[in-house]
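Report on the following structure.
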There are 2 protein chains.
Amino acid sequence: MDQTVRERINLFLRSKNLRRTSQRDAIVEAAFGTHEHFTAEELLRMARDRDGAVSRATVYRTLPLLVESGLLREVDLGRNETVYDPNFIDHPNHNHLICVDCQKIVEFEDEHINVLEDCISRRLGFSPSSKSIRIEASCDRLHNSGTCVNQPKSTRSTRKTKPTRTK
Amino acid sequence: MDQTVRERINLFLRSKNLRRTSQRDAIVEAAFGTHEHFTAEELLRMARDRDGAVSRATVYRTLPLLVESGLLREVDLGRNETVYDPNFIDHPNHNHLICVDCQKIVEFEDEHINVLEDCISRRLGFSPSSKSIRIEASCDRLHNSGTCVNQPKSTRSTRKTKPTRTK
DNA sequence: GTTTCTGCAAAGGTTTTGCAACAAA
DNA sequence: TTTGTTGCAAAACCTTTGCAGAAAC
């Protein structure tokens with residue numbers, strides 16, 4: 001986990017008169033010690049790997065703080081579960097493509113999309129504060145050659161690669 | 001409600017060996033008798049206005065069918081509630097802008113965005129099946145003149161206008 | 001010391017499900 | 001008839017919360 005993240009969290013806590021506790025430390029380390037998406041329950045497990053004393057309630061109370069700090073984002077991956085994405089620190093404008101064949105999540109960035117979203121919002125009389133795109137798609141390779149490069153269907157995301165940058 | 005919608009639903013039911021019942025009729029009429037977004041609970045209320053005998057369980061069992069039929073879409077409006085949008089029949093490619101000031105939902109369409117999403121998907125080796133954009137934004141008029149044209153903050157969406165077409 | 005934080009367990013809200021009766025085809 | 005559907009109520013889930021003790025500052 002990046003040293004800067006630690007500092008930004010501490011600054012945030014300070015500014016809101018919140019306290020630094022061993023539990024929050026463990027939760028923060030767990031959340032930003034991975035590049036994979038996670039649910040609240042998964043974060044609890046990961047945090048407990050670092051500090052067995054972390055409770056479910058504290059995880060649920062800490063998650064909204066991390067989101068409010070701007071370091072963590074709640075994302076909609078369309079599986080009716082609340083999922084958090086720690087990758088917005090490194091890639092503040094990335095979006096998600098979900099493979100309907102293997103469930104793989106591909107993160108991508110595209111500056112044209114950003115510009116377009118901005119134009120559309122302004123034309124409608126708004127200033128955009130947060131934009132997100134979700135694309136569900138099927139894998140060409142699977143349909144052409146019958147094999148999918150990715151893992152077979154799984155319940156949870158397993159992104160391990162960096163976001164692809166388009167243009 | 002459009003006659004075509006009724007027909008498409010009936011065809012769908014037929015094709016899946018599902019039966020047409022008075023409860024399903026009431027739920028379908030309720031779902032597509034509005035252009036507003038609704039939750040499961042709201043749909044229950046609306047369906048009961050037409051047929052008092054509709055049960056909550058049947059609504060919850062019917063919703064996934066309507067989504068599967070392609071006529072209804074589950075959308076993420078970012079309020080941690082499951083909301084359904086019946087407007088994809090008339091505007092299959094629309095997206096949502098959510099005003100962070102007054103909570104108003106603005107539906108919009110933009111063909112450039114569609115093309116871009118398509119290009120990006122194909123470049124990544126996928127064929128897109130479903131694309132959605134969510135923009136959170138603040139109202140310029142409110143910030144410039146202190147007044148918001150829309151309703152004050154409310155819990156639920158109240159879109160009554162047609163989607164704006166950009167370009 | 002004062003204020004915030006924590007864990008626990010209970011409560012809240014939403015969605016799903018087993019079952020017996022019922023209705024469509 | 002046969003097969004699918006319904007309502008009910010219980011169960012399953014996920015998230016929030018009240019409270020008393022513990023920890024930060």
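Each chain gets a letter, A, B and so on, in the order the sequences are listed, and its residues count up from 1.
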Would you mind reading off the distance between [X] atom [atom1] and [N] atom [atom2], rounded to a whole angstrom?
X: A:R20; N: C:dT3; atom1: CZ; atom2: C1'; answer: 19 Å
X: B:K16; N: D:dG4; atom1: NZ; atom2: C1'; answer: 14 Å
X: A:L65; N: D:dT16; atom1: CG; atom2: P; answer: 12 Å
X: B:R14; N: C:dA25; atom1: CZ; atom2: P; answer: 8 Å
X: B:R48; N: D:dT6; atom1: CZ; atom2: P; answer: 14 Å
X: A:R24; N: D:dA22; atom1: CZ; atom2: C1'; answer: 14 Å
X: B:L13; N: C:dA25; atom1: CG; atom2: C1'; answer: 13 Å
X: B:E42; N: C:dT14; atom1: CD; atom2: C1'; answer: 13 Å

Legend entry - Along DNA chain D (nearest heavy atom to each residue), the more 5'-positioned of B:S55 and B:R19: B:R19
Inset, instruction - Assess the pair B:H96 and B:H94: is the distance between their ring centroids shorter than 6.0 Å? - result: yes
Taking atom [atom1] of [X] as the centre, report whether more than 12 heavy atoms of other residues, nucleotides or ligands fall under 6.0 Å from it.
X: A:R6; atom1: CZ; value: yes
X: B:R20; atom1: CZ; value: no
X: A:R50; atom1: CZ; value: yes

Dump the pairs, protein N or O against N or O of nucleotides 15-19 of chain C, anything under 3.5 Å, distances to one decimal.
from	atom 1	to	atom 2	distance (Å)
C:dT15	OP1	B:T82	OG1	3.3
C:dT15	OP2	B:Y60	OH	2.4

Legend entry - B:S127 and A:D140: side chain donor to acceptor below 3.5 Å: yes
Legend entry - Short side-chain donor-acceptor distance under 3.5 Å, A:H37 and A:E107: yes
Inset, instruction - Respond yes when some side-chain nitrogen or oxygen of B:Q23 is under 4.0 Å from OP1 or OP2 of D:dG7, and no when none is. - result: yes
Inset, instruction - For A:R48 and A:V54, indicate whether the former's side chain and the latter's backbone hold a donor-acceptor pair under 3.5 Å. - result: yes
Inset, instruction - Could you check A:L18 against B:T21 and say which one's nearest nucleotide on DNA chain C is further toward the 5' end? - result: A:L18
